[in-house]
Protein chains: 2
Amino acid sequence: MKSMTSTPEKILDVAQSLIVKGGYNGFSYADISAAIGIRKASIHHHFPTKAELVSALVDRYNQQADAGLKSLRQQFSNPAEQLQTYLNYWQTCIRDAAPPFCVCAMLAGEMQMLPEEVESRVRVHFRSLANWLASVLQAGMELDLFRLDKRPEEVAQMLMASVHGAMLSARAFSDPELFTTIVTPQVARLRAPGC
Amino acid sequence: MKSMTSTPEKILDVAQSLIVKGGYNGFSYADISAAIGIRKASIHHHFPTKAELVSALVDRYNQQADAGLKSLRQQFSNPAEQLQTYLNYWQTCIRDAAPPFCVCAMLAGEMQMLPEEVESRVRVHFRSLANWLASVLQAGMELDLFRLDKRPEEVAQMLMASVHGAMLSARAFSDPELFTTIVTPQVARLRAPGC
DNA sequence: GACAAACTGCCTACCAGTAGGTAGGCGGAA
DNA sequence: TTCCGCCTACCTACTGGTAGGCAGTTTGTC
């Protein structure tokens with residue numbers, strides 16, 4: 001039986017896991033080549049340059065994230081549940097070391113030396129995640145589930161920063177549970193009393 | 001007039017600014033060489049391997065940070081002021097693009113592929129920053145300046161994550177002000193009513 | 001339906017440039 | 001006289017990237 005995922009997909013999968021480990025400069029075509037048993041030149045056939053490879057990678061990641069977040073809003077009517085499910089996703093990712101870090105958070109650190117084409121795509125991710133969080137917060141506020149002391153956009157930024165910082169701490173301390181320890185109380189604070 | 005800083009110090013200075021830009025894999029001996037007008041081999045004379053160089057760098061960074069945080073506690077008797085001054089430090093750093101990022105936060109992202117000797121030193125930084133924050137929070141709580149809903153150690157972790165996440169967001173959006181926007185309300189939340 | 005042309009996906013072989021690192025020499029200060 | 005800081009010259013391994021070939025499939029045309 002032939003493998004079900006296409007070669008370009010496999011390349012992006014491996015590249016993503018490598019970026020999550022060591023960032024843009026932390027992997028090479030040779031690494032991918034070794035991982036999926038294909039020659040370096042063949043990778044260049046699919047993605048001529050490294051910048052194009054990572055751009056495609058972030059594009060795919062953004063699409064997946066958008067789709068995931070959108071389906072979250074359809075699946076759960078309760079904004080509090082939507083938010084919690086989003087956080088649970090990362091919680092299990094980090095615990096299972098699946099992709100224990102957000103690709104874009106990783107790349108954001110290296111922003112200053114990324115190719116422009118990649119940089120702009122990373123910014124897109126941050127923008128749309130912040131927007132999603134803000135709209136969930138807004139909805140929750142209107143339903144009296146959340147009581148915010150700031151505009152939803154600002155609280156969204158605070159929440160996003162907490163999530164990324166918590167990923168960093170979990171990694172620094174090699175303690176997956178730390179992610180939850182940090183993030184859970186942040187969410188609890190949003191809840192309006194009596195919910 | 002001779003330059004006042006010794007060559008090893010200059011090397012570490014340049015290396016630090018390069019790490020802050022692009023992480024461990026984001027710089028080379030050649031980069032440092034070009035920046036301070038010395039040959040690559042001469043850098044190896046002072047720091048035989050890259051791992052040793054970065055280890056020395058993080059050691060120095062940790063010492064400076066410890067000294068800075070310690071003097072902060074001596075300079076201000078009020079824990080709220082201590083905390084605020086710490087945050088102001090990063091705020092101005094990021095605004096002036098001085099070192100607009102914490103070296104250890106940067107390295108923490110690459111944790112999984114760092115040489116062991118560096119990894120352990122990064123962990124030390126996280127540990128001692130968390131301890132400092134926790135002790136400031138504890139002191140503030142005893143003086144009724146802060147009202148914490150969690151143990152000071154946990155709130156310290158939350159605060160630290162916020163700071164690092166805010167650095168990441170400021171960088172991703174190329175917006176230095178965002179750091180303050182994110183961090184200030186986090187601190188405000190700590191304050192006991194009537195202060 | 002036959003047949004050449006074009007296109008795939010991958011290969012081998014190669015390139016210039018750069019990575020981290022080494023060997024050994026040389027001038028000046030201790 | 002030895003040590004220090006820096007040098008030139010060099011090494012091997014690896015970086016991202018290219019040129020060109022070669023089977024197998026698709027395509028257009030008669």
Side-chain angles (χ1 to χ4, degrees), chain A residues 1-19 21-58 60 106-107 110 112-119 121, chain B residues 1-19 21-58 60 106-107 110 112-119 121:
Chain A
M1 172 180 137
K2 276 188 179 176
S3 83
M4 274 177 310
T5 44
S6 69
T7 306
E9 288 294 313
K10 275 196 261 181
I11 293 173
L12 293 183
D13 288 344
V14 171
Q16 182 162 333
S17 79
L18 290 171
I19 286 185
K21 278 204 190 84
Y24 189 87
N25 290 307
F27 80 101
S28 72
Y29 274 56
D31 295 328
I32 302 175
S33 156
I36 63 176
I38 206 184
R39 297 294 139 159
K40 252 179 45 180
S42 309
I43 304 174
H44 279 287
H45 170 74
H46 294 285
F47 304 100
T49 69
K50 198 178 183 181
E52 288 177 76
L53 193 161
V54 178
S55 292
L57 178 71
V58 178
R60 188 185 70 156
M106 196 67 199
L107 292 173
E110 304 172 294
Q112 310 207 359
M113 43 133 289
L114 250 35
E116 273 181 64
E117 16 178 350
V118 178
E119 195 190 312
R121 284 169 167 87
Chain B
M1 171 181 139
K2 275 187 180 177
S3 84
M4 273 176 313
T5 42
S6 69
T7 306
E9 287 293 314
K10 276 195 261 182
I11 293 172
L12 294 183
D13 288 344
V14 171
Q16 182 162 333
S17 79
L18 290 171
I19 286 184
K21 277 203 190 84
Y24 188 87
N25 290 307
F27 80 101
S28 72
Y29 273 56
D31 295 329
I32 302 175
S33 156
I36 63 176
I38 207 183
R39 298 293 140 161
K40 253 178 44 181
S42 310
I43 304 175
H44 280 287
H45 170 73
H46 294 286
F47 304 101
T49 69
K50 196 178 183 181
E52 289 177 75
L53 193 161
V54 178
S55 292
L57 178 71
V58 178
R60 189 185 70 156
M106 197 68 200
L107 293 173
E110 304 172 295
Q112 309 206 359
M113 43 134 291
L114 251 35
E116 273 181 66
E117 17 177 352
V118 177
E119 194 191 313
R121 285 168 166 87

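These figures come from a predicted structure and were not determined experimentally. Just so it is clear: chains get the letters A, B, ... in the order the sequence lines come, proteins before strands, and each one is counted from 1.
- The side chain of A:Ser28 places no N or O atom within less than 4.0 Å of a non-bridging phosphate oxygen (OP1 or OP2) of D:dC14.
- Note: B:Ser28 OG to B:Leu18 CG = 8.5 Å, rounded to the nearest 0.5 Å.
- Computed from coordinates, the B:Phe47 CZ to D:dC6 P distance equals 11 Å when rounded to whole Å.
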Is there a side chain to side chain donor-acceptor pair (under 3.5 Å) between B:Ser55 and B:Glu52 once you walk through the steps? CA-CA 5 Å; B:Ser55 292; B:Glu52 289 177 75; over 6 Å; no
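- Protein atom NZ of B:Lys50 is 15 Å distant from nucleotide atom P of C:dT22, rounded to whole Å.
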A:Arg60/A:Asp13 under salt bridge (Lys or Arg N to Asp or Glu O under 4.0 Å): CA gap, chis, key distance, verdict: CA-CA 10 Å; A:Arg60 188 185 70 156; A:Asp13 288 344; 2.9 Å; yes
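- Rounded to whole Å, atom C1' of D:dC6 lies 16 Å from atom CD1 of B:Ile32.
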So which protein N/O to nucleotides 5-13 of chain C N/O distances come out below 3.5 Å?
{"residue": "C:dC10", "atom": "OP1", "partner": "A:Thr7", "partner atom": "OG1", "Å": "2.9"}
{"residue": "C:dC10", "atom": "OP2", "partner": "A:His46", "partner atom": "NE2", "Å": "2.5"}
{"residue": "C:dC11", "atom": "OP2", "partner": "A:Arg39", "partner atom": "N", "Å": "2.7"}
{"residue": "C:dC11", "atom": "OP2", "partner": "A:Ser42", "partner atom": "OG", "Å": "2.7"}
{"residue": "C:dT12", "atom": "OP2", "partner": "A:Arg39", "partner atom": "NE", "Å": "3.4"}

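- Within 4.0 Å of B:Phe27, counting heavy atoms only, lie sugar-phosphate atoms of the nucleic acid but no base atom.
- Between atom CG of residue A:Asn25 and atom CZ of residue B:Phe27 there is a gap of 11.5 Å, rounded to the nearest 0.5 Å.
- Per the geometry, NE2 belonging to B:His44 stands 13 Å off C1' belonging to D:dC10, to the nearest Å.
- Atom-to-atom, CG of B:Leu53 to P of C:dA19 comes out at 14 Å; the value is rounded to the nearest Å.
- Computed from coordinates, the A:Met113 CE to D:dG16 C1' distance equals 14 Å when rounded to whole Å.
- In terms of heavy-atom proximity, A:Leu53 sits nearest to A:Ala15 at CD2-CB, 3.7 Å.
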Step by step, work out the salt bridge (Lys or Arg N to Asp or Glu O under 4.0 Å) result for A:Lys21 and B:Glu110. CA-CA 6 Å; A:Lys21 278 204 190 84; B:Glu110 304 172 295; over 6 Å; no
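- The OH atom of A:Tyr29 sits 22 Å away from the P atom of C:dC14 (whole-angstrom rounding).
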